[in-house]
*Asks:* 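Just passing along the structure, written as structure tokens.
All of these numbers come straight from a predicted model, not from anything done at the bench. Computed over heavy atoms, backbone and side chain alike; hydrogens, waters and symmetry mates excluded. Lettering follows sequence order; numbering is per chain, from 1.
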2 protein chains.
Amino acid sequence: MTRPSEVTRERIMKAAERLFAERGYDGTSVRAIVARARVNQAAINYHFEGKDGLYREVLRAAFQGLTEHQLAHAAEARAMSREEALAAFIRRQLRPLLARDEASRHIRIFNWESVRPTPVFRKLLSEEAAPFMGLATDLMRRFLPDADHRTLTVAAIWLLGQCSVFVRNREQLAGPPVQLSLEEAAVEWLAQTISRWTILGLGRAAG
Amino acid sequence: MTRPSEVTRERIMKAAERLFAERGYDGTSVRAIVARARVNQAAINYHFEGKDGLYREVLRAAFQGLTEHQLAHAAEARAMSREEALAAFIRRQLRPLLARDEASRHIRIFNWESVRPTPVFRKLLSEEAAPFMGLATDLMRRFLPDADHRTLTVAAIWLLGQCSVFVRNREQLAGPPVQLSLEEAAVEWLAQTISRWTILGLGRAAG
DNA sequence: TCCGTTTTCAAACTATTGTTTGAATTGTCC
DNA sequence: GGACAATTCAAACAATAGTTTGAAAACGGA
């Protein structure tokens, strides 16, 4: 593995991640990618054996980055009260509302996949979703200590849904008729509101 | 307007609705539509002035059907207790988990749009979303009588998010590792669980 | 039945897609 | 520096996309 080839490979990955996040797999052409990465057409086939291969790599990187991003906070979450930990989790999930950083793009890529999962994604999910879901269910267990496995799983999905609806529909919610503000203070208020409702909701639920 | 032309027009609409719901706008070719509708290639351009025009019609019909589907229950909802009304609303939102009927397809079409809204959809949404969102906010007002407009709007979106995450990810949730059952009893249990958590969550929230 | 309109049809057209090609260039190691 | 592999490049390829075309068929009112 030589150095210069790694450069173009990285440029392709970077450009592809942004475009896949913005327009999805079908909406992104290899010509758009190579134009953005400023590399040659054939580079994608040379380095990734085609668009599919490139997408698989982007997906893997996104999944890895996202789980690491959450696992990094798993330790400190255990030191918090369950309410603080939940609020922190929700705040992290709402992050794409504010930032257009890497983690936000990763979440957006998975949003695309949630509508019509590609085979690549399905495989990846069944293999690597466990640790991420485990974080959410662990969190739920602190509120529902007596709940069975099914209830905990549903609670974890329920929690994710409360956040993802805002992330997913960001563009629409920002415009009329909702006009949801996406400034830092407003998002913080949103995170706290969702946290409060969620905590209350789980408060006395027997499961 | 003669009769036979209406027939092919309706066949195209029906086939297009199913395919758009299943594969989205980009994933559906006009050739696939005409094959399913068993009409000629040029029929779409003749009757709808192109794929865009057809999609706009499908979208309008879907939106209209969906709001009517909810508005039809608005009257009886007012006769229920707020808890019953909420449970009924949630049960209705979870309907696509069980049925593959028309309403389910309409919801799926909007799921596609929520990732990358087409201009057609944006326009339609800003014009006709008000009554549907009004239903949800009215429901929330019964739990949060003192809340301001912003809080009510957020609460309505929050409510929708709790349901849509299950509908949207139906396929994935049905498989491993979650293995969520999609039988009638299981979905009913799911609806009741979500209802309970939501009611508790809003229970003492000051807004 | 006849005429004018509406509707259907097979075929071709243009644009864009992902991929392949083979030569030219660059880099690496002896 | 020279030989070999790795990489880049412009161009072309095959497949598919949405749309257009012009003739044929079906229809409806006289």
Side-chain angles (χ1 to χ4, degrees), chain A residues 1-60 109 112-113 115-121, chain B residues 1-60 109 112-113 115-121:
Chain A
M1 289 299 167
T2 61
R3 177 48 39 83
S5 73
E6 284 297 317
V7 171
T8 68
R9 197 190 143 94
E10 204 49 46
R11 283 160 72 118
I12 293 173
M13 282 283 284
K14 198 141 193 134
E17 184 191 279
R18 288 171 191 273
L19 287 171
F20 283 143
E22 197 176 336
R23 313 183 192 180
Y25 179 83
D26 288 328
T28 302
S29 68
V30 300
R31 282 173 175 80
I33 296 172
V34 299
R36 178 153 197 164
R38 273 188 275 181
V39 299
N40 186 266
Q41 264 282 1
I44 286 179
N45 290 278
Y46 180 78
H47 287 280
F48 299 93
E49 299 172 12
K51 187 185 178 185
D52 277 343
L54 170 59
Y55 186 61
R56 189 182 58 235
E57 287 304 304
V58 170
L59 220 48
R60 287 214 310 177
I109 289 179
W112 282 102
E113 286 292 343
V115 184
R116 189 155 86 117
T118 59
V120 176
F121 179 75
Chain B
M1 289 296 167
T2 63
R3 178 47 40 83
S5 72
E6 286 296 318
V7 170
T8 68
R9 197 190 141 93
E10 203 50 45
R11 283 159 71 116
I12 293 173
M13 282 283 283
K14 198 141 194 134
E17 184 191 279
R18 288 171 191 272
L19 287 172
F20 284 143
E22 198 175 335
R23 312 183 193 180
Y25 179 83
D26 288 328
T28 302
S29 68
V30 299
R31 282 173 176 80
I33 296 172
V34 299
R36 178 154 197 163
R38 274 189 274 181
V39 299
N40 186 267
Q41 277 263 20
I44 286 179
N45 290 278
Y46 180 78
H47 287 280
F48 299 94
E49 299 172 11
K51 188 185 178 184
D52 277 343
L54 169 59
Y55 186 62
R56 189 182 55 235
E57 287 304 303
V58 170
L59 220 48
R60 287 213 311 175
I109 290 178
W112 282 101
E113 286 291 344
V115 184
R116 189 155 84 118
T118 59
V120 176
F121 178 74

*Asks:* Starting at atom NZ of B:Lys51, determine the distance to atom P of D:dA17, rounded to an integer number of angstrom.
*Replies:* 9 Å
*Asks:* Rounded to the Å, how far apart are B:Tyr46 OH and D:dA26 C1'?
*Replies:* 12 Å
*Asks:* Nearest 0.5 Å please: distance from the CG atom of A:Leu59 over to the CG atom of A:Asp52.
*Replies:* 11.0 Å
*Asks:* Please evaluate residues A:Lys14 and A:Glu17 with respect to the criterion salt bridge (charged side-chain N to carboxylate O under 4.0 Å, His left out), reporting the C-alpha separation (whole Å), side-chain torsions for both, the decisive distance (0.1 Å), and the verdict.
*Replies:* CA-CA 5 Å; A:Lys14 198 141 193 134; A:Glu17 184 191 279; over 6 Å; no
*Asks:* Once you round it to whole Å, what is the distance between C1' of C:dT21 and CG of A:Asn45?
*Replies:* 12 Å
*Asks:* Measure the distance from CZ on B:Arg23 to C1' on D:dT16 and round it to the nearest whole Å.
*Replies:* 14 Å
*Asks:* If you compare all heavy atoms of B:Glu57 against all heavy atoms of B:Phe48, which two are closest, and at what distance to 0.1 Å?
*Replies:* CG-CD2, 3.9 Å
*Asks:* Which class fits the ring pair B:Phe20 and B:Tyr25: parallel under 30°, tilted 30 to 60°, perpendicular over 60°?
*Replies:* parallel
*Asks:* Taking only the side-chain nitrogens and oxygens of A:Thr8, find out if one of them lies under 4.0 Å from OP1 or OP2 of D:dT8.
*Replies:* yes
*Asks:* Which whole-number value in Å describes the distance from B:Ile44 CD1 to C:dT8 C1'?
*Replies:* 14 Å
*Asks:* Roughly, in whole Å, what's the span from CZ in B:Arg9 to C1' in C:dT7?
*Replies:* 14 Å
*Asks:* Which heavy atom of A:Gly24 sits nearest to which heavy atom of A:Thr28, and what is that distance?
*Replies:* O-OG1, 2.7 Å
*Asks:* What's the CG-C1' distance between B:Asp26 and D:dA17, to the nearest Å?
*Replies:* 11 Å
*Asks:* Separation of B:His47 atom NE2 from D:dT19 atom C1', in whole Å?
*Replies:* 16 Å
*Asks:* List every contact pair, protein side and nucleotides 9-15 of chain D side both N or O, where the distance is under 3.5 Å.
*Replies:*
| residue | atom | partner | partner atom | Å |
| --- | --- | --- | --- | --- |
| D:dA10 | N7 | A:Asn40 | ND2 | 3.3 |

*Asks:* Spell out, as yes or no, whether a donor-acceptor pair under 3.5 Å connects the side chain of B:Arg11 to the backbone of B:Ala37.
*Replies:* yes
